[in-house]
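These notes are about the structure you will find just below.
The chains referred to below are lettered A, B, ... by the order of the sequence lines, with proteins before strands, and numbering in each begins at 1.
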2 protein chains.
Amino acid sequence: MAGHVTGDAAPAATGRKVHLRVQRIRPAYQQIADELRTQIVSGQLGSGDRLPSEPELCKAFGVSRSTIREALRVLASQNLVETRRGATGGSFVSTPDPERSVAALGASLGILVDTPRLHLDDLLEARLLLEPMAARLAAERADTDTISAVLAAADSPRQPSDPRSFSGHFDFHSTILMATGNLLFTMMGQPVADVLRTRLHRAEVVSSAEWDQANESHRVIAQHIAAGDPAAAEQEMRNHLNDLRPLYQRAGSW
Amino acid sequence: MAGHVTGDAAPAATGRKVHLRVQRIRPAYQQIADELRTQIVSGQLGSGDRLPSEPELCKAFGVSRSTIREALRVLASQNLVETRRGATGGSFVSTPDPERSVAALGASLGILVDTPRLHLDDLLEARLLLEPMAARLAAERADTDTISAVLAAADSPRQPSDPRSFSGHFDFHSTILMATGNLLFTMMGQPVADVLRTRLHRAEVVSSAEWDQANESHRVIAQHIAAGDPAAAEQEMRNHLNDLRPLYQRAGSW
DNA sequence: CGACTTCATTATGTCAGACATATGACCGTT
DNA sequence: AACGGTCATATGTCTGACATAATGAAGTCG
């Protein structure tokens with residue numbers, strides 16, 4: 001049948017008990033997605049490059065247009081391509097976007113945290129590793145623009161009831177993560193912070209006094225960063241996160 | 001037209017210049033995927049639950065089967081569902097799988113590291129934050145089974161030319177990350193380690209003597225963990241990673 | 001000559017219907 | 001109880017058609 005794109009993938013010929021389902025042939029749409037992904041990841045197709053049109057891909061792979069479309073859906077939802085309609089439409093290779101990775105990891109953590117594999121304490125522990133170090137690096141590295149951004153973020157206090165807090169600009173912790181100058185801090189720290197924030201927001205267990213105290217800690221941390229004092233910035237961030245711990249644990253018990 | 005699942009999403013009525021393309025209606029397959037994703041992420045549909053069959057989803061959403069199938073492709077490639085053919089087939093909500101998140105993050109990092117946004121030094125810096133702390137936590141927490149695994153991993157030296165190194169069992173660094181008992185260490189550390197290992201493997205710049213030295217460090221770290229000495233395990237891991245730094249930087253200049 | 005409108009072209013989005021194939025349950029036979 | 005065959009069910013793939021979005025070219029008007 002035309003849809004059988006490649007030959008069989010025989011199951012592992014071993015004596016050990018394996019849990020894989022014996023499925024000889026991957027669906028054609030999956031194989032086509034795999035082939036196109038390989039071209040993208042290897043650099044054969046670069047950011048902004050346009051894939052052949054759907055009819056052209058049909059000819060190239062010898063399959064129907066609905067099979068091609070399913071393959072493109074796979075790639076698009078993995079943020080490898082994006083499609084546009086119209087005369088200049090088509091599927092274009094996406095620009096690498098860390099924000100999407102952050103969102104995807106955050107979604108995974110959000111699901112995992114409600115299973116026995118991941119606990120709130122694990123998130124708090126990881127945060128306690130990342131964010132004090134982030135504050136330290138920010139104090140060491142931040143240029144004047146970055147320092148301005150950190151100070152501004154500390155000066156815009158937020159509470160869950162304030163819708164402006166979540167619209168348009170990063171909050172204080174995000175700004176610190178970015179101020180490290182190392183994108184990995186954001187990619188690792190942001191998903192953790194997002195899950196924790198969502199949980200706190202949902203639980204509605206933080207008093208105004210507690211918010212005021214948190215905002216004050218933000219200001220102190222920002223001032224240490226502005227003053228170029230890494231040790232103080234790190235220590236203050238660690239104290240701040242330790243102070244927050246009971247709030248998260250209170251939220252976690254709901 | 002039947003495919004228009006919901007009304008228009010009007011563009012933001014603001015004076016500020018926005019870069020979003022004015023696309024009033026999200027495709028139906030995207031809207032359907034969003035709706036099903038919400039049911040999964042919110043817990044309305046749990047792991048193992050079967051979604052309605054394709055014809056049933058057609059009736060429920062009032063769209064064609066190819067539109068439904070495209071929506072299912074979106075969810076499946078985001079690891080939210082998996083489909084099986086046959087009489088007991090259908091689409092089933094996936095069990096949360098951190099390995100897939102690790103793979104996805106690793107793929108993102110692998111792409112990003114070749115852009116100006118992420119450098120090899122950033123990966124090394126993140127690793128230098130995570131893995132010494134992982135060694136420390138492993139020394140504090142590991143039970144006898146975990147200690148056995150760490151010792152065994154240290155005792156199976158590996159080189160890039162040895163295909164057995166990469167088949168079936170975790171390497172030493174992975175074992176340390178898991179030995180923390182905090183899944184986040186694996187989810188954050190493994191992708192970084194994988195990108196670095198791939199780069200080192202590809203560059204083929206490590207001599208046998210350097211491998212021997214690395215293996216020796218592994219044994220020393222494992223012994224500190226077995227002895228329950230967190231400070232020594234952390235310091236030795238930090239020293240080990242610092243020793244490796246020139247190898248990665250050599251690989252990075254190719 | 002610039003602005004505006006119209007239209008053609010191109011590409012994706014969606015549909016209906018059909019057929020292929022995988023898969024497990026069920027039933028009859030040994 | 002085991003095995004083989006059959007059947008129902010569900011997904012995989014296909015074909016052909018039409019809808020619709022989006023862009024650029026061409027013509028018109030002031």
Next item on the list: Go through the steps to decide whether B/Ser174 and B/Gln190 satisfy the test side-chain hydrogen bond (donor to acceptor under 3.5 Å, both in side chains), and finish with yes or no.
Entry: CA-CA 7 Å; B/Ser174 302; B/Gln190 194 62 50; 2.9 Å; yes
Item checked: Test side chain to side chain contact (heavy atoms under 4.5 Å, CB included) applied to A/Leu105 and A/Val192, step by step -> CA-CA 9 Å; A/Leu105 183 57; A/Val192 173; over 6 Å; no
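The CD atom of B/Gln30 sits 16 Å away from the P atom of C/dT12 (whole-angstrom rounding). A straight line from CD of B/Glu82 to P of D/dG12 spans 12 Å, rounded to a whole angstrom. The distance from atom CZ of B/Arg50 to atom P of C/dG24 is 13 Å, rounded to the nearest whole Å. Per the geometry, CZ belonging to B/Phe92 stands 10 Å off P belonging to C/dG24, to the nearest Å. Rounded to whole Å, atom C1' of D/dG12 lies 12 Å from atom CD of A/Gln31. Spacing between atom CZ of B/Arg26 and atom C1' of D/dT20 amounts to 18 Å, rounded to whole angstrom units. Atom CG of B/Leu51 is separated from atom P of D/dA10 by 13 Å (rounded to the nearest Å). Atom NZ of A/Lys59 is separated from atom P of D/dC14 by 15 Å (rounded to the nearest Å).
With the end axes of the helix from C/dC1-D/dG30 to C/dT30-D/dA1 each set by five pairs, the angle from one to the other reads 10° at 10° resolution.
A salt bridge links A/Arg26 and A/Asp34; the closest N-O separation between the charged side-chain nitrogens and carboxylate oxygens is under 4.0 Å. Taking the charged nitrogens against the carboxylate oxygens, A/Glu125 and B/Arg141 do have a contact shorter than 4.0 Å, which makes a salt bridge. In this structure, A/Asp194 does not pair ionically with A/Arg199, as no charged nitrogen and carboxylate oxygen lie closer than 4.0 Å.
Side-chain nitrogen and oxygen atoms of A/Ser64 include none within less than 4.0 Å of the OP1 or OP2 phosphate oxygen of D/dG12. For D/dG12, the OP1/OP2 oxygens have no side-chain nitrogen or oxygen of B/Arg84 closer than 4.0 Å. OP1 or OP2 of D/dG12 lies within a sub-4.0 Å distance of a side-chain N or O belonging to A/Tyr29.
Just one residue in the list B/Gln39, B/Arg37, B/Gln31 forms a side chain to side chain donor-acceptor pair (under 3.5 Å) with B/Glu35, and that residue is B/Gln39.
A donor-acceptor contact closer than 3.5 angstrom is absent between the side chains of B/Gln78 and A/Ser77. A donor-acceptor pair shorter than 3.5 Å can be found between the side chains of B/Arg73 and A/Tyr29.
Each of A/Glu56 and B/Thr88 lies near DNA chain C, and the nucleotide nearest A/Glu56 is the one positioned closer to the 5' end.
You won't find any donor-acceptor pair under 3.5 Å spanning the side chain of B/Arg85 and the base of C/dT23, going by distance alone.
For B/Ala87, the listed nucleotide lying nearest its side chain is D/dA8; candidates were D/dA8, C/dG13, D/dG12.
Near DNA chain D, meaning a heavy atom under 4.0 Å from it, residues 65-80 of chain A has A/Arg65, A/Ser66, A/Thr67 in order of number.
Rounding to the nearest 0.5 angstrom, the gap separating the CZ atom in B/Phe92 from the CG atom in B/Leu45 is 12.5 Å.
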